[in-house]
Number of protein chains: 2
Amino acid sequence: MIERHVPVTKRLIRAQDALYTCGSPFETLHLINSGIFKIVSLASDGRERSADFVFDGDWLGFDGIPSGQHTCTAVALDIGEVWAVRYDSLMQAAAKDPSLLHQVLAAISAQLARNRDIALAIGTLSAEARVADFLLMWARSLAERGRRTDEINVHMSRSEMGAFLGIRLESVSRALAKLARSGVISFNERGRRDISIPCLSALSRFVRSETEPEDRLLQ
Amino acid sequence: MIERHVPVTKRLIRAQDALYTCGSPFETLHLINSGIFKIVSLASDGRERSADFVFDGDWLGFDGIPSGQHTCTAVALDIGEVWAVRYDSLMQAAAKDPSLLHQVLAAISAQLARNRDIALAIGTLSAEARVADFLLMWARSLAERGRRTDEINVHMSRSEMGAFLGIRLESVSRALAKLARSGVISFNERGRRDISIPCLSALSRFVRSETEPEDRLLQ
DNA sequence: CGTAAATTTGATACGTTTCAACCCTCGTGG
DNA sequence: CCACGAGGGTTGAAACGTATCAAATTTACG
């Protein structure tokens with residue numbers, strides 16, 4: 001529906017392509033039509049972290065607004081299509097349409113809330129619980145978009161998952177192995193990136209059980 | 001300058017008071033005039049984390065935009081004054097003034113970028129480096145506002161610092177002790193929350209030295 | 001001044017990283 | 001067709017860092 005308000009340019013993206021990179025000039029926002037992208041933030045000393053993974057319906061590029069330059073990099077995990085919208089055109093359209101304005105503000109704010117949730121997980125959960133929580137978030141993202149959640153494909157390496165969760169790839173592998181052993185997930189025959197989640201609430205319960213090993217003293 | 005565009009209500013806040021809490025209805029944004037606030041996010045299972053600490057000039061409350069309810073709590077660390085602005089009034093004003101619109105967007109986006117930086121630190125640094133990085137961020141926040149950075153007061157307990165950095169209060173205490181021992185910081189006689197940073201770049205170098213213990217083999 | 005809260009410090013337990021070996025899949029070229 | 005190498009994944013053992021628990025000390029405050 002955004003194309004009714006502002007001119008959009010559709011753009012096909014191949015896997016591994018960067019939509020924009022840290023330091024590049026900011027002029028356009030991108031609305032993801034299909035595909036999955038990872039946002040990578042980079043410190044001046046070389047430290048790197050995947051800040052987020054985003055799906056169709058999500059906006060990309062807000063980070064360039066304050067300075068006119070992007071402060072992170074967006075890379076496609078597989079082929080996808082984005083709709084590019086010039087920031088100034090969008091602002092002009094939003095100024096004339098309160099509902100569009102609210103939509104844009106809500107989109108940015110939702111990213112803020114999401115980042116807070118991620119940071120909460122990274123700051124308070126064990127490595128194993130982080131991996132479980134990540135799978136849960138991934139499945140919920142798919143659910144919001146009406147896709148199946150019992151068989152998911154994470155589209156990324158253990159190393160990329162670790163860079164997101166703040167743990168090493170070996171720890172990711174061990175955590176997944178343990179989750180599989182305990183039966184809350186299982187690996188698909190297609191490959192180790194295809195994961196079956198027979199019961200989402202079992203996975204959710206697993207995260208909770210990791211966080212509350214407390215006063216079970218009184219039964 | 002915001003009061004030239006929209007009606008603002010000035011509101012005095014006492015230390016420990018919550019400006020809004022998780023779940024409360026969202027109608028107004030707050031521009032901090034003075035004081036320091038912490039943003040606390042809370043998970044359904046009771047896990048808690050200080051998502052951010054914000055100063056005068058920062059906006060508070062964007063998190064309520066998508067759903068109309070706040071998703072985190074804002075608590076004053078000491079007395080302060082905020083300017084309350086109704087969200088709908090601000091949107092009406094922004095629709096008429098492109099520069100104001102851009103300002104608001106830039107403010108939200110800046111929070112996004114800041115949260116990414118924090119998450120990068122928490123995901124990639126050791127406990128000690130996180131504490132050092134935190135002091136550095138705090139000093140820079142003060143510097144942006146024209147305040148002195150050689151004598152800072154963190155206005156919070158070790159426990160609150162730990163809740164922000166994803167580590168225990170004991171680790172915060174040990175990290176600060178080590179920083180003091182190595183001379184990059186020192187404690188003021190006023191109390192353990194008053195910290196002297198004789199040289200910001202020494203502190204900055206300390207963070208870097210923690211992150212690059214690499215190929216120093218060839219001298 | 002006395003009590004509660006905050007902070008520091010130590011000893012130990014635990015979890016994650018590190019380093020290494022090994023396995024598997026896949027594409028390439030002999 | 002199979003040998004080969006590269007990249008991703010798994011697993012083990014040891015080293016390291018942080019959490020945990022406990023105690024001592026300092027600070028805040030009615």
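First the proteins, then the strands, lettered A, B, ... as listed; each starts at 1.
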Query raised in the report: Relative to the ring of B/F26, is the ring of B/Y87 parallel (under 30°), tilted (30 to 60°) or perpendicular (over 60°)?
Result: tilted

Report task. State, without any angle test, whether A/S34 and A/E81 hold a side-chain donor-acceptor pair at a distance under 3.5 Å. Result -> no

**Report entry** Protein-nucleotide distance (A/R193, atom CZ; C/dC24, atom C1'), rounded to Å
**Finding:** 14 Å

Requested in this report: Go through C/dT9, C/dA6, D/dG9 for me and flag the one nearest to the B/S173 side chain.
Outcome: C/dT9

Query raised in the report: Under a 4.0 Å N-O cut-off, is there an ion pair linking B/R140 with B/D133?
Result: no

Report task. Could you pick out which residue, A/V172 or B/F187, lies toward the 5' side of DNA chain C when each is mapped onto its nearest nucleotide? Result -> B/F187

Report task. Give, ordered by number, those residues of residues 154-165 of chain A having at least one heavy-atom distance below 4.0 Å to an atom of DNA chain D; if nothing qualifies, reply none. Result -> A/S157, A/R158

Requested in this report: Figure out the CG/C1' separation between A/L125 and D/dA19, and round it to whole Å.
Outcome: 15 Å

Report summary line: side-chain hydrogen bond (donor to acceptor under 3.5 Å, both in side chains) pairs touching residues 111-122 of chain A, sequence neighbours excluded, are A/D52-A/R114

Query raised in the report: Are the side chains of A/R148 and A/L142 in touch, meaning some heavy atoms are under 4.5 Å apart?
Result: no

**Report entry** Between D/dT18 (C1') and B/I122 (CD1): distance, integer Å
**Finding:** 15 Å

Report task. May I have the distance from A/K178 (atom NZ) to D/dT10 (atom C1'), rounded to whole angstrom? Result -> 16 Å

Requested in this report: Classify the angle between the aromatic ring planes of B/H70 and B/Y20 as parallel (below 30°), tilted (30 to 60°) or perpendicular (above 60°).
Outcome: parallel

Report task. Specify the closest pair of heavy atoms between A/T149 and A/I197, including all atoms of both residues, with the distance to one decimal. Result -> O-CB, 3.9 Å

Query raised in the report: Is there a side-chain contact between B/W138 and B/M156 (heavy atoms, below 4.5 Å)?
Result: yes

Query raised in the report: Is it the case that A/N153 and A/D194 place a side-chain donor and acceptor less than 3.5 Å from each other?
Result: yes

N/O donor-acceptor pairs under 3.5 Å from side chains in residues 160-180 of chain B, not counting sequence neighbours:
residue, atom, partner, partner atom, Å
B/E160, OE1, B/S157, N, 2.9
B/E160, OE2, B/K38, NZ, 2.8
B/K178, NZ, B/E128, OE1, 3.2

**Report entry** Any donor-acceptor N/O pair, A/R208 side chain to A/S204 backbone, under 3.5 Å
**Finding:** no

Report summary line: Within residues 47-55 of chain A, those residues having any heavy atom closer than 4.0 Å to DNA chain C are none

Query raised in the report: Would a 4.5 Å heavy-atom cut-off, applied to side chains only, mark A/I13 and A/L19 as touching?
Result: yes

Query raised in the report: Rounding to a whole Å, what distance do you find between B/I167:CD1 and C/dG15:P?
Result: 19 Å

Report summary line: When rounded to the nearest 0.5 Å, the distance separating CD1 of A/I108 from OG of B/S109 is 4.5 Å

Report task. Identify whether any heavy atom of A/R130 sits under 4.0 Å from a base atom; if not, whether one sits that close to sugar-phosphate; answer base, sugar-phosphate or nothing. Result -> nothing

Query raised in the report: A/L169 near the nucleic acid: base, sugar-phosphate alone, or nothing, with a heavy-atom cut-off under 4.0 Å?
Result: nothing

**Report entry** Terminal axes of the helix from C/dC1-D/dG30 to C/dG30-D/dC1 (five pairs each): angle between them, nearest 10 degrees
**Finding:** 30°

**Report entry** Protein-nucleotide distance (B/E128, atom CD; D/dG17, atom P), rounded to Å
**Finding:** 10 Å

Query - Under 4.0 Å protein heavy-atom contacts per nucleotide of nucleotides 20-30 of chain D, with B for base, S for backbone only and - for none - result: BB---------

Report task. Find out whether A/I195 and A/F187 are in side-chain contact, i.e. whether some heavy atom of one side chain is under 4.5 Å from a heavy atom of the other. Result -> yes

Query - Distance, rounded to the nearest Å, where A/R181 contributes CZ and D/dT10 contributes P - result: 11 Å

